[in-house]
Amino acid sequence: MTIQRTSEALYALVDCNNYYCSCERVFNPRLEGRPLVVLSSNDGCAVARSQEAKDLGVKMGTPWFQLQDLVRRHRLVGLSSNYTLYGDMSARVVQVLSQFSPDYEAYSIDESFLRVDQMRLLWPSFTAMGKAIRMRVRQWTGIPVCVGLAPTRTLAKLANHIAKKNPQFGGVFDLTAYPSVDLDILLSSIDVGEVWGVGRRIAEKLHGMGIHTVQDLRRTSPKMIRAHFSVVMERTVTELQGTPCMDLEDVAPAKKQIISSKSFGAMVASQEELMEALATYVSRAAEKLRAQDSVCGMLQVFIHTNQFRPNDPQYSNAVTIPLPYPTSDTRELTSAAAMALKAIFKNGFLFKKCGVMLLDISPAGTIQRSLFDAVEENARHSAAIMSVLDGLNTRFGRDTVKVAAAGTAQRWIARAENKSQCFTTRWTELPKAIAN
DNA sequence: TCTGGGGTCCTAGGACCC
DNA sequence: TCTGGGGTCCTAGGACCC
């Protein structure tokens with residue numbers, strides 16, 4: 001089966017090997033050659049493993065306390081994570097990669113896509129270019145990477161997987177340069193669950209349908225897949241067949257939601273302690289929000305007891321509340337979070353985790369924003385508010401203004417422009433409404 | 001004793017509108 | 001008053017990614 005070339009695109013996926021572990025080794029070369037894991041916050045479980053640790057059978061997410069045997073028998077090292085370091089190193093890697101193509105996208109902290117077809121004339125082959133990328137990133141940052149090359153992003157991910165698993169390719173695999181008969185054989189040996197976009201559930205379902213390998217999935221009709229799954233999977237199969245369905249995003253799009261949450265080292269029982277933690281998360285999330293010059297219109301707070309203690313009483317809950325107007329102000333968000341927490345908190349439980357999620361994110365400084373600024377600045381003077389509302393009244397009609405006075409500003413704007421109605425609860429009465 | 005912290009997109013179903 | 005069809009918006013939940 002040949003890869004259909006419906007366009008001339010060629011993507012390189014550059015993926016750092018065992019990324020967090022590699023970062024740690026750059027700054028502590030004595031860790032070279034030793035089995036190594038990087039642990040989650042609170043040193044709870046392994047979130048990254050060196051090749052030696054993988055060879056010892058350490059799985060992603062294994063709790064640290066279950067690894068103590070390997071610590072004794074194989075001198076397995078566990079390090080607390082240092083996300084600031086990994087973020088800095090990532091920026092350096094991307095900086096090097098940007099020299100190879102102006103068309104690049106940092107997809108995650110340890111992976112970047114480059115569109116490289118325009119670079120064809122600069123290199124004897126794309127494999128040669130891939131080797132140059134590997135060498136330069138290694139020399140300039142100390143991080144080992146693998147490179148996969150293919151006409152679509154899904155295939156480039158797969159090519160990268162092949163480069164990683166097959167040392168004979170020297171860390172670079174150009175899928176378009178590989179004989180198609182051999183490629184069929186190679187892809188017949190890879191489980192369908194390795195495909196980007198195929199997780200555990202979908203893999204199980206595919207197996208049930210007799211689709212076991214990547215090659216099986218490539219031979220399946222996208223329309224048939226659409227009928228059994230979703231458009232996402234349809235695109236995945238189309239990409240596997242060589243037709244690009246996704247483009248590089250040249251600028252990182254603004255976040256549509258921002259989460260900040262954490263598990264506690266020790267369990268927490270009181271609302272006051274939960275609120276202390278929440279205040280930290282809110283301020284962290286608000287910083288991210290402001291960094292992308294956005295405001296949010298809704299805020300969600302969630303709390304969980306320890307699900308790994310089935311004998312303890314379990315309780316988890318979440319509530320999403322609309323804000324009176326879109327904001328990124330830490331104080332305002334914190335007071336909203338306090339109200340939300342009050343609405344869902346229950347005594348008599350030991351809480352393990354809580355967090356905040358900012359939703360309904362939009363760019364700051366829109367025309368809607370200026371309307372609300374007017375209300376905000378005059379917040380102490382009801383006469384001034386009434387005059388603003390009168391202005392809105394003239395603009396959008398009397399019924400809408402009643403809603404604006406009683407509802408949330410964000411919702412009101414959205415609805416008013418649709419000339420439909422909206423009944424939400426008054427901001428000050430939210431806790432009561434939530435309780436009902 | 002000890003079990004991560006972020007994100008994205010899609011779908012289904014209900015409320016509501018004309 | 002009864003009725004249907006088409007449309008939008010919102011939410012919850014499920015799947016995936018690193």
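Naming: A, B, ... by sequence-line order, numbering from 1 per chain.
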Could you label the plane-to-plane angle of the [X] and [Y] rings as parallel, tilted or perpendicular, counting under 30° as parallel and over 60° as perpendicular?
{"X": "A:Tyr107", "Y": "A:Phe113", "value": "perpendicular"}
{"X": "A:Phe349", "Y": "A:Phe351", "value": "tilted"}
{"X": "A:Tyr19", "Y": "A:Tyr86", "value": "perpendicular"}

Are there over 12 heavy-atom neighbours, none belonging to A:Met135, within less than 6.0 Å of that residue's CE? no
Take nucleotides 3-9 of chain B nucleotide by nucleotide from the 5' end and write B, S or -, depending on whether a protein heavy atom sits under 4.0 Å from the base, only from the sugar-phosphate, or from neither. BBSSSBS
What is the nucleic acid contact for [X], judged by heavy atoms within less than 4.0 Å: base, sugar-phosphate only, or nothing?
{"X": "A:Val195", "value": "sugar-phosphate"}
{"X": "A:Ile202", "value": "sugar-phosphate"}
{"X": "A:Lys157", "value": "sugar-phosphate"}
{"X": "A:Arg153", "value": "nothing"}

Roughly how many Å is it from [atom1] in [X] to [atom2] in [N], rounded to a whole number?
{"X": "A:Asn17", "N": "C:dC18", "atom1": "CG", "atom2": "C1'", "answer": "15 Å"}
{"X": "A:Lys164", "N": "C:dC18", "atom1": "NZ", "atom2": "C1'", "answer": "12 Å"}
{"X": "A:Leu350", "N": "B:dC2", "atom1": "CG", "atom2": "P", "answer": "11 Å"}
{"X": "A:Phe302", "N": "C:dA12", "atom1": "CZ", "atom2": "P", "answer": "14 Å"}
{"X": "A:His228", "N": "C:dG14", "atom1": "NE2", "atom2": "P", "answer": "21 Å"}
{"X": "A:Tyr86", "N": "C:dC18", "atom1": "OH", "atom2": "C1'", "answer": "15 Å"}
{"X": "A:Met246", "N": "B:dC10", "atom1": "CE", "atom2": "P", "answer": "11 Å"}
{"X": "A:Asn311", "N": "B:dT1", "atom1": "CG", "atom2": "P", "answer": "11 Å"}

From CA spacing to verdict: side chain to side chain donor-acceptor pair (under 3.5 Å), A:Arg290, A:Thr330: CA-CA 10 Å; A:Arg290 290 191 296 268; A:Thr330 303; 3.0 Å; yes
Which value, in whole Å, describes the distance between the C1' atoms of nucleotides B:dC2 and C:dC18?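 Going atom to atom, C1' in each nucleotide, I get 24 Å.
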Counting only side-chain N and O atoms of A:Arg201, is one of them less than 4.0 Å from OP1 or OP2 of C:dG13? no
Verify the contact: side-chain N or O of A:Arg309 to OP1 or OP2 of B:dC2, cut-off strictly under 4.0 Å; return yes or no.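 So the side chain of A:Arg309 is within the cut-off, an N or O lying under 4.0 Å from OP1 or OP2 of B:dC2.
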Rounded at 0.5 Å granularity, tell me how far CH2 in A:Trp64 sits from SG in A:Cys45.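 Here the interatomic distance stands at 12.0 Å.
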Please check if any side-chain donor atom of A:Gln215 sits under 3.5 Å from a side-chain acceptor atom of A:Thr213, or the reverse.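 No pair is found: no donor N or O on one side chain lies under 3.5 Å from an acceptor on the other.
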Any side-chain donor near an acceptor of the partner, A:Asp55 and A:Gln51, under 3.5 Å: yes
Is any side-chain N of the basic residue among A:Asp216 and A:Arg218 closer than 4.0 Å to the acidic one's carboxylate O?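 So A:Asp216 does not pair with A:Arg218 through a salt bridge.
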Quick one: is the NZ or CZ of A:Lys205 closer than 6.0 Å to the six-membered ring centre of A:Phe229, and within 45° of its axis? yes
What stems, by residue range, does DNA chain C take part in, given at least 3 consecutive Watson-Crick or G-U pairs under 3.5 Å?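 Only these stems qualify: B:5-18 with C:5-18.
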